[in-house]
Amino acid sequence: MRLWVGLRTGREEARIIGARVPPGNPEMPANPAEKRLVSARCVCYEPAPEGSTGVFAMADDGSIRPLIAGNWKMNGRRADGVALARELVRQARRSTRADLRCDLVICPPATLLTMLAEVVADGPVGLGAQDCHPLASGAHTGDVSAAMLADAGCRYVIVGHSERRTDHGERDEQVRAKAEAAHTVGLCAIVCLGEAEAERARGETLAVVERQFRGSLPVAATAANTVIAYEPVWAIGTGKVPTTAEIAAVHAQLRALAGNQMTDGQRLRLLYGGSVKAGNAAEILAVANVNGALVGGASLSAGDFWAIARSCP
Ligand code: PGA
């Protein structure tokens, strides 16, 4: 069995990072069934399903460590994908705690996953996919299962993105089934939801978001295996962004829903997505209950993505 542990990265830097430790590592405790302090460097550990990863979302002070996730969508060839991933890994590796106050994940198209898994391997940048099929295998031409994504080196998978909901008619039940499939193989599901422009105009935003939250989240969702991304459909790729008060209202509702539905809902990461850019990230990321961002267009530039990551409060 492979185990994943949290390592202290320095005396003053108490954040927990995910790191793979091979069996037989001297820091590995004899009994991996319980969490405990293992050594000065190794603060906790968790067994993880074979081939999957643990995801550490908490800073040591109990606050939620933000997540900045890049959704590359249907963009990237091998050469530019590798160059972009390499540059992010390089920047993240040389950054200090003051520079990097968030976790980073890139979600490239499926064709690049295995290649980029090697580029980011065991480093500070996580790898995610953009969708998965709810079933593990079978006659589903063109689809990729969550188990295959875990096998390819992913730690995350986006499910229920509005472009999937619109282009492929995905409904909440399918999104929930995909998130369950992700959990089964140890992937963290980034579950997307958000209202369309007409729904906002009709004053239905909070009702739509609540319906999607209740319908798209598996019963067994926890803060460790799930991230929510609130993405107003009308803000995606348009340059339009809700006001900070509008974002705060939705995120407050999501926090309340998470608190009611999940035992650790106060720790669930709630991302905002939709036209997040270097120029507006600091303002958005400072909004209460915004614990990171799902970034589309701006994630295709290492400089812009990095600037957004550095905007975390
Ligand atoms: P955008 O996309 O940042 O280009 O608006 C966000 C998303 O679709 O996740």
Side-chain angles (χ1 to χ4, degrees), residues 66-76 80-81 84 88 102-110 112-113 125-132 149 154-170 175 178-179 182 187-197 199-200 205 208-209 212-213 216 226-244 246-247 250-251 254 269-285 287 290-312:
L67 174 69
I68 303 295
N71 175 10
W72 292 10
K73 309 193 180 185
M74 198 169 69
N75 296 292
D80 43 291
L84 179 52
L88 292 172
C102 62
D103 291 336
L104 293 173
V105 58
I106 51 172
C107 301
L112 299 183
L113 287 173
V125 178
L127 186 68
Q130 298 174 15
D131 182 48
C132 67
L149 298 176
C154 290
R155 290 160 56 183
Y156 297 83
V157 60
I158 299 170
V159 295
H161 190 280
S162 78
E163 286 150 17
R164 301 285 320 172
R165 291 179 187 260
T166 305
D167 296 355
H168 302 271
E170 291 184 9
V175 175
K178 290 177 178 210
L187 294 180
C188 181
I190 302 176
V191 180
C192 301
L193 41 79
E195 82 287 359
E197 191 153 31
E199 291 167 329
R200 175 164 284 272
T205 298
V208 169
V209 165
Q212 291 182 336
F213 183 95
S216 306
T226 304
V227 172
I228 297 288
Y230 166 56
E231 299 203 302
V233 178
W234 51 274
I236 294 174
T238 59
K240 293 193 244 171
V241 180
T243 65
T244 52
E246 288 168 338
I247 296 173
V250 173
H251 279 244
L254 288 170
R269 288 202 272 207
L270 304 175
L271 313 189
Y272 168 80
S275 295
V276 176
K277 308 285 176 208
N280 61 17
E283 194 184 16
I284 292 170
L285 291 166
V287 172
V290 172
N291 315 118
L294 182 55
V295 184
S299 72
L300 297 173
S301 149
D304 288 351
F305 192 60
W306 193 248
I308 292 167
R310 289 188 54 153
S311 302
C312 286

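Both counts, for ligands and for their atoms, begin at 1 and track the order of listing. From a predicted model like this one, the values you see are computed outputs, not experimental measurements.
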Fill in the blank from the handout: By chain and number, the residues contacting ligand 1 below 4.0 angstrom (heavy atoms only) are N71, K73, H161, E231, A235, I236, G237, G274, S275, L294, V295, G296, G297

Problem - With E246 via salt bridge (Lys or Arg N to Asp or Glu O under 4.0 Å) - residues at least two apart - result: R200

Completion exercise
Rounding to 0.5 Å, atoms OG (S301) and CG (L88) come to a distance of 9.0 Å

Problem - Side chain to side chain, S299 and I106, heavy atoms closer than 4.5 Å - result: no

Fill in the blank from the handout: For A309, the side-chain contact (heavy atoms from CB on, under 4.5 Å) test, sequence neighbours excluded, returns I68, L100, C102, L104

Exercise for the section: Could you tell me the separation between the NZ atom of K178 and the CZ atom of R164, rounded to the nearest 0.5 Å? Expected result: 5.0 Å

Completion exercise
With sequence neighbours left out, the residues meeting ring-ring contact (aromatic ring centres under 6.0 Å, His included) with Y230 are H251

